[in-house]
Amino acid sequence: MLAFIAKRLVVAFCVCVTVSAISFALMFLSGDPAIAIAGAGGRAQDAEAIRIAYGFDRPLIVQYLDWVGSALTGDLGQSIYFNIPVSEIIGNRISVTMWLGVLSFLLALVVAVPLGIAAALRPNGWIDRIALVLAVTGQAIPSFWLGLMAIVVFGVWYGWVPISGAKTWQGFILPVIVLSYYAMPAMMRITRSGMIDVLATDYVRAARAKGLPMRVVIFRHALRNAVLPLVSLAAVQLGLLLSGSIVIESVFALNGLGRLAWESLLRSDLPVVQAIILILSLLYVALTTFADILNAVLDPRLRGAN
Amino acid sequence: MTETLLDVRNLRVSLKTDRGMLNAVRGVDLQMKRGQTLCLVGESGCGKSLTAMALMGLLPRYANITSDCFDMAGEDLTQKPQSKLAKLRGRDVAMIFQDPTSALNPTLTVGRQLTEGVMRSEGLDRAAANARAVEMLDRVGISNPEARLTQYPHAFSGGQRQRIMIASALMGRPRRLIADEPTTALDVTIQAQILRLLGELQSTLGLSLLLITHDLGVVASIATDVAVMYAGRIVEQAPAEDLFHAPQHPYTRGLLRAIPVPGVTPRGSELPAIAGRVPGLIGEMRGCAFRDRCALGSSECASDPVPRHGDDAGRFVECFKVTPGEATQ
């Protein structure tokens, strides 16, 4: 098991190095960054001065190592637009997105798993049919529309919750529900199909042949095997939710990472974009690595040699 | 008279399908006696596995099970056999399956899978249950059983996994063991070992063993009694020796003729197969199900009921054309 974890961590490290190199390269995507910073009216001398001031005149490898080195100490550079440290800007925004993402994820999971199990126990039964309708609508309705409708109904007509913003915790209620409804169907369906497959296996039948009650058969024998694909899917879903939904954050006027990324792209504030991409990529690497390790905990066959 | 451990009369299993009711088991009478190894033989789809599942109460919800009499371990299971059997499973009747690779849960240790049943049903603590598991693993020939309790199924070979399945079935010390094609998924040398093991356990523990198979070689090596099943009914039952030496039902004779005998069957000669196909089981069937493929079949074979000729020793055959004692072959 330790060898497996070590191996996964080495792989994750390699991916991190690659990801950081690509994020670094983004700076040079649009040509010479010094000219880009100098702007349309900038003179050649200005560009040259900027090149020296920002260190663009040094060899690429030196610049990369320097950038990685400061990123490791939490220094993600200066925002070109605000001229303050990028880490400060992101620090102000990240908690909104994390709260939104984690809460939506938990809500989706809490709904998806029991519903998926219940649907699988009686395929084509009434629970299964209701779950299917919920899943199809959840996938089909665009979240911006659902968000706007929710604001009109619960914010404007009934006045139960704030219309927008994240000043109070009530402001999170609608966006969390809308976002989790978007993430729930896939997790519910994969739980359902995994459960249906596993319930038909011989080892579930063998467990029943031992005289175990159905509850034990479902939770000890079936669920453990059925959640393996869900773990991998959930890691990607959580990554998706944590990277900030630009749509949801815009509809509910939440100042999260998604909106920040969008605004920074429009302002050509490359260091901010670069930092956001780096953070989110590393987050994905961490989540998928965690999912792999969790799967290995659940399924001994994945651990390799016993 | 030996003790009867299971008595089921007129067992019927039907399954609802899109094309109508599929009557897969059409009135099976079956007794399991102490010390007996009864082999239920028949081709795929004849209802032998469904019969076993019905005896275990493991059929899916959409299966409809009825019987005139269903007695096991002093319980009358004629009404609601599926729910009443839940209490008896593991303790009074246990089952081993065809493919030991899929019948063991890959994510739980062998020790956990062996002990979970008795810890619940007998209230054993972990130490006592582990001791029982070690005893059973030792009995089925798994070496170093203590150390192997913490291993997962994938660390064992196919033959070892089937031994573990057998140990798991024996954990609750049941007196009836149902084995559904227990050697089909194993290679030939392992098959012989597993059959020998089952035979030994059957005699040392005094089990009543119901073994379901389509392999007459398996039957010949282990059975004390044989029941031949065709299209949802037992058409002939006899002590194994009698059945092999003097088969009576035309179907049984056809089956035995289809087995090549080394030194007797000429090399390269075509084996005599039974002509025709198994009848469909949807809807009601009248008369003998085998009549269309039977050389002796005539118009009277389409009437009901098919006469059953039996003797006191438990031998019987269901056929219009033959009676026991008649010289055959």
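Heavy-atom basis, side chains included; hydrogens, waters and symmetry copies ignored. Throughout, protein chains are lettered first and strands after them, A, B, ... in sequence-line order, and every chain is numbered starting at 1.
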Could you tell me which portion of [X] (side chain, backbone, both or neither) has an atom closer than 4.5 angstrom to a non-hydrogen atom of chain A?
X	value
B/S168	side chain
B/R91	neither
B/A86	backbone
B/Q113	both
B/M53	side chain
B/S121	neither
B/L58	both

Pair up each side-chain donor or acceptor in residues 106-127 of chain A with any protein partner under 3.5 Å, not counting sequence neighbours, and list the distances.
none

Give the member of B/P106, B/G172, B/P174 that has the highest number of heavy-atom pairs under 4.5 Å with chain A.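 So the answer, after comparing B/P106, B/G172, B/P174, is B/P106.
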Relative to chain A, which of B/M171, B/E116, B/M95 shows the most heavy atom pairs under 4.5 Å?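 Of B/M171, B/E116, B/M95, B/E116 has the most heavy-atom pairs under 4.5 Å with chain A.
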Are A/R220 and B/R112 packed together at the side-chain level, in the sense that at least one heavy-atom pair is separated by less than 4.5 angstrom? yes
For the pair A/D202 (side chain) and B/S102 (backbone), establish whether a donor and an acceptor sit closer than 3.5 Å, ignoring hydrogens and angles.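 Not a single qualifying donor-acceptor pair exists.
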message: Checking the side chain of A/R224 only, and the main-chain atoms of B/T107 only, is there a donor and an acceptor separated by less than 3.5 Å?
response: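 The answer is yes, because a donor-acceptor pair under 3.5 Å joins these two groups.
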message: Can you confirm whether more than 12 heavy atoms, excluding those of A/F4, are under 6.0 Å from its CZ atom?
response: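 Counting neighbours around CZ of A/F4, more than 12 heavy atoms of other residues, nucleotides or ligands fall under 6.0 Å, so yes.
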A/Y182, OH atom: more than 12 neighbouring heavy atoms under 6.0 Å: no
Whatever's closer than 4.5 Å to a heavy atom in chain B on A/V216 counts as side chain
Closest non-hydrogen atoms of B/R120 and A/R215, given as atom of the first, atom of the second and distance, are NH1-NH2, 4.2 Å
Pair count under 4.5 Å, heavy atoms only, with chain B: among A/A206, A/A209, A/P213, A/G211, highest is A/A209
